[in-house]
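All values below come from the heavy atoms of this structure, side chains included, with hydrogens, waters and symmetry mates left out. None of these values were measured; they are calculated from a predicted model.
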Amino acid sequence: MHRNRLTTVALTALAPVSWGSTYFVTTQFLPADRPLFTGMMRALPAGLALLALTRRLPRGDWWWKSVVLGALNIGAFFPLLFLSAYRLPGGMAAVIGSVGPLWVAGLAALFLGEKPTLRTLLTGIAAALGVSLVVLKAAGSFDAIGVIAALGSSASMSAGTVFTKRWGRPEGAGPLILTGWQLTAGGLLIAPVACFVEGAPPALDGRNIAGYLYLALVNTAVAYWLWFRGIGRMTATSVTFLGPLSPLTAAVIGWAALGQALAPVQLLGMAIAFGATLAGQIGTGPKKPVEGIVPFSSTEGNATELSMDVTSKPVRR
């Protein structure tokens, strides 16, 4: 790889690596069974902080575009993500979410005019297979709501990244500004639903506050800035197949921090998923950074955050 491209790939990969810690932080640091409140606390403070830092609001049609992108990438994605994590056992949520590259391939064909190649489809299937071997040790009970939430979160993020690629950014607005718009819009969309469904916010202790600070700043503000930066600089295939790094990171955290064993079949799955990630970076040339509107022929990938532990039951405090 060209050095500049390698740097871009490495920085963009930090986003799904960070997202791989979401499940650990959620189950070990945050109040239980508050997916909407957690989604709001993850998005809104980070978005408001970025708005204060960049001091720029949308103009013209970017008001409604920011709302649409914020709804897809944040407002719908976060609640569905946490809902599936709370309801699905073991790594089922991660397996369902790992079909993100296939969602992107289909959506890119519809909205960006790109026909998926056989190589893309096979690599996507290999990535899903590898993730399933890593995180799905037991089938667990079937939960229709959890499965629908996992599929919905993956589809929502995939649609959001495809439209982010199609619309690009307004002139003079960098990825940090776009990230602030989307996080704020998404957080504001979640807030009233969280209050209506879950009631008053829970009492928070120091551990909860630390968890929310990490999710808002590192796991969201910084990670999404790197992700949207990568969208403007990389091709669809290369960004899409960085997604498996998220459940792989979650498995490593489970092994290192929670003492969860990794069986040989899981190590094989990690090798397959990581191989699919590398395969997604081969044969896709560097892309000129985009400051304005992204060319119609470009596409984007999807990151899988649905990272459960490697045992048959979710980890609880």
Side-chain angles (χ1 to χ4, degrees), residues 15-16 19-20 22-23 35-36 38-39 42-43 65-88 91-116 120-121 123-125 127-129 131-132 135-136 142-167 182-183 185-187 189-190 193 220 223-224 227-228 230-231 236-237 239-247 273 276 280 298-308:
W19 295 334
T22 300
Y23 184 75
L36 293 173
T38 296
R42 184 180 172 188
K65 286 182 179 179
S66 297
V67 172
V68 171
L69 293 177
L72 292 172
N73 287 322
I74 310 296
F77 175 65
F78 280 2
L80 291 172
L81 169 74
F82 287 109
L83 178 61
S84 65
Y86 281 124
R87 296 187 68 99
L88 292 179
M92 191 179 296
V95 174
I96 297 173
S98 67
V99 301
L102 301 179
W103 278 117
V104 170
L107 291 171
L110 288 174
F111 297 105
L112 301 175
E114 279 202 359
K115 294 182 179 179
T120 298
L121 296 177
T123 306
I125 293 172
L129 173 62
V131 170
S132 68
V135 299
L136 194 57
F142 179 83
D143 185 290
I145 295 177
V147 171
I148 292 173
L151 287 172
S153 65
S154 181
S156 178
M157 183 67 169
S158 298
T161 50
V162 166
F163 279 105
T164 298
K165 193 66 174 180
R166 176 170 180 172
W167 290 337
Q182 294 191 45
L183 289 175
L189 290 172
I190 297 172
V193 180
T220 302
Y224 271 87
W227 185 252
F228 291 134
I231 288 177
T237 302
V239 181
T240 297
F241 289 105
L242 292 175
L245 293 176
S246 181
S298 299
T299 58
E300 174 46 35
N302 177 48
T304 301
E305 270 191 79
L306 299 167
S307 304
M308 310 289 285

Quick check: closest heavy atoms across [X] and [Y], and the distance to 0.1 Å?
| X | Y | result |
| --- | --- | --- |
| Ala71 | Leu189 | CB-CD1, 3.6 Å |
| Trp167 | Val68 | CH2-CG1, 3.9 Å |
| Ser156 | Phe77 | OG-N, 3.8 Å |
| Ala127 | Pro244 | CB-CG, 3.8 Å |

Treating [X] as the side-chain partner and [Y] as the backbone partner, does any N or O pair qualify as donor plus acceptor under 3.5 Å?
| X | Y | answer |
| --- | --- | --- |
| Arg166 | Phe111 | yes |
| Ser66 | Gln182 | no |
| Ser132 | Leu129 | yes |
| Ser154 | Ala150 | no |

**Message:** Could you check whether atom CG of Leu121 has more than 12 heavy atoms from other residues, nucleotides or ligands sitting under 6.0 Å from it?
**Reply:**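 Correct, the count exceeds 12.
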**Prompt:** Do the side chains of Arg42 and Ile190 get nearer than 4.5 Å, heavy atoms only?
**Reply:**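 Ile190 does not reach Arg42 side chain to side chain.
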Going from [atom1] on [X] to [atom2] on [Y], what distance comes out if it is rounded to the nearest 0.5 angstrom?
| X | Y | atom1 | atom2 | value |
| --- | --- | --- | --- | --- |
| Thr161 | Leu107 | OG1 | CG | 8.0 Å |
| Phe228 | Asn73 | CZ | CG | 4.5 Å |
| Leu151 | Trp103 | CG | CH2 | 6.5 Å |
| Leu183 | Leu69 | CG | CG | 11.5 Å |
| Phe163 | Leu72 | CZ | CG | 7.5 Å |
| Ile74 | Phe78 | CD1 | CZ | 4.0 Å |

